[in-house]
Structures are given as C-alpha cells and as structure tokens.
Amino acid sequence: MKKAYLTIDIEEWYHLDYLKTYEVNKNEVETIPQIFDFLDMLDKLNIKATFFTLAELAHKHADIIRDIRDRGHEIGCHGLDHELLYNKTDADFKEQVIEGKKILDTVLGADVVKGYRASCFSMDRKKLDILKECGYSYDSSYICFAEHPLYGSLDLSGYEKVEDLTYKNGDFLEFEIPTYKIGKYNIPISGGGYLRLFPFPVISSLIKKYFKEQNNFILYLHPFELTDISLPYPSDLPFKHKFRASVGRKGNLKKLKKVLLMLRKEGAEFRTLEQELNSITNSEG
Ligand SMILES: [Zn+2]
C-alpha cells in the first residue's frame, strides 16, 4: 500500500531563514490566521495532516491550534523558536524541546504531542538522541539533500529501515523527507519552494516517477504558501530571496489540491505521522 503524509510547519512568513537578518514588521501581516481555506479544503477531501507548530506562537494562536486538532489533525512540535539547531547548545535544545511540548500540550489540554521537526531540518545525531529522551516518539527532520548548504546529513546508525522513508530505533521513529534522484542530484520534490516553483505537470510527473520506486511520500508546506495574502517583504531584500519567498504563491492552494488528488489517484492513502507511528509500534506489540 502506498501512503502519503501531508505535513505543515506552523510558523510565520518572516521565519524563513534568509529573512532573519532583515528588519521586518512582524505584526503587520500574519499568515497563520489565513489558513482556514486550506483547512476547509482538507475537510472536503477528508485528509488528515500533521501540523508541526512553533511553540512560541502557540498561545497567540491557541484557538486556531485547537481548531486544527478538533478537525482531526495531529499537532507536533516545530521547536520553541525557529533558530537553527546548529546554533543551539545541546543543553538549550533539551530545555526548549521539553518546554515546546509542554506549551503545546497545555494549549491542547492533554499529553498529545508525539512528533518533532527541526527548523530547516537542522537536526544532528546528538540532538536526535536528546529528543528521544524528552518524551517524543518520532522526528521528521531527515533529508538527503547535500547540495543545499543548510541541510547536512543526519547520522542514523543504529536505526533500521522499516519501510520507505521510515527508520526505527527502539520505539522511536525517524521519517525522511523524500527527494528524487536525477543523475547525481537529489531534487526535493516534497514541498516548500519547490512545489511552488515547478508547474503542476512537472511536479506531477516527478511524483509519479518517484512512486514507481517508492511506496511512501511526505509533503511539507508552510502557512505563507497556503494563502496569497500580500506580504511586507523588506524593500532591501535581494531579488533572489524575494523570488524564492514569493514564487508560485498565487494559485498554490489550487495546485496543492491537484497534487493531493493526484497522489490519491496514484493509490496513496493519507495518514498523519502519528497514525503511522501507532501502526508500526502496535504491529510489533
Ligand atoms: Zn520551519
């Protein structure tokens, strides 16, 4: 059986790594309150997704996060803040992942947060081992994309591959973000800017090729990619960054719907990562 996991990293438009050094007006426009068209679309398609949420935004958007949960989706943690893990000490990381889970569980009124995704996939092995000790059951920060300077490769020794994109160490799972290898390049076909950049026929043909060899697929998106509300990018932002941030935002929701329907047509069943976690850990008793 083929499975598709739709994941959304709940953060703001100004959390993009290349916007961090610029002065931005954070309160002028927010994208998180604009995701209701997307949530309604998922309801109509009967798709449940995983929302990795930045814990420092959780109290401000508590009603939205509870609404997402009430619609049957999973809430995971996207860290306390959006600093890259490479810039955090292990001790700070530990404190923050515990605090992040506590904040999200408090907003949701129960011990529900099982999964974690590192900002910009900046996970390393030491921090992965720490995460495992801090009450989390899985991580989804592993991407094989060495061409991108931000994404290193995560050491998964001691993990066994249980199925495509899924690695297991004891009761703890790591979910890989898929890439598609063309020649010596790994093309990240799984979301973010690449989903916006490639026209639908291109992304659709890449995913179909990918599905001939692989059973599982993960998509990842952010709130600013799910609304075309205009964003106040700083006027001195270089063109290449402005292009990267804004390309394909208009009409992206429609394109995403076509991608989701195409995945289903290709035989994929949509699941949350927690559903997959439960199915793997229960099947082994
Ligand atoms: Zn992020």
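Whatever order the structure lists them in is the order used to number ligands and atoms, beginning at 1. All of these numbers come straight from a predicted model, not from anything done at the bench.
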Handout entry: the Zn ion (ligand 1) to nearest N/O/S of His82 below 2.8 Å
Key = yes
Practice task
Look at atom NZ of Lys254 and say whether more than 12 heavy atoms of other residues, nucleotides or ligands are closer to it than 6.0 Å.
Solution key: no
Exercise for the section: State whether Lys101 and Asp111 are salt-bridged, where the test is any N-O pair (Lys NZ or Arg NE/NH1/NH2 against Asp/Glu carboxylate O) under 4.0 Å. Expected result: yes
Practice task
Give a yes or no on whether His222 keeps an N, O or S atom under 2.8 Å from the Zn ion (ligand 1).
Solution key: no
Handout entry: Pair Asp90 + Lys94: basic N to acidic O under 4.0 Å
Key = no
Practice task
Taking the six-membered ring for Trp and the single ring otherwise, decide whether the centroids of Tyr180 and Tyr194 are under 6.0 Å apart.
Solution key: no
Exercise for the section: Return the name of the atom in Glu11, of element N, O or S, nearest to the Zn ion (ligand 1). Expected result: OE1
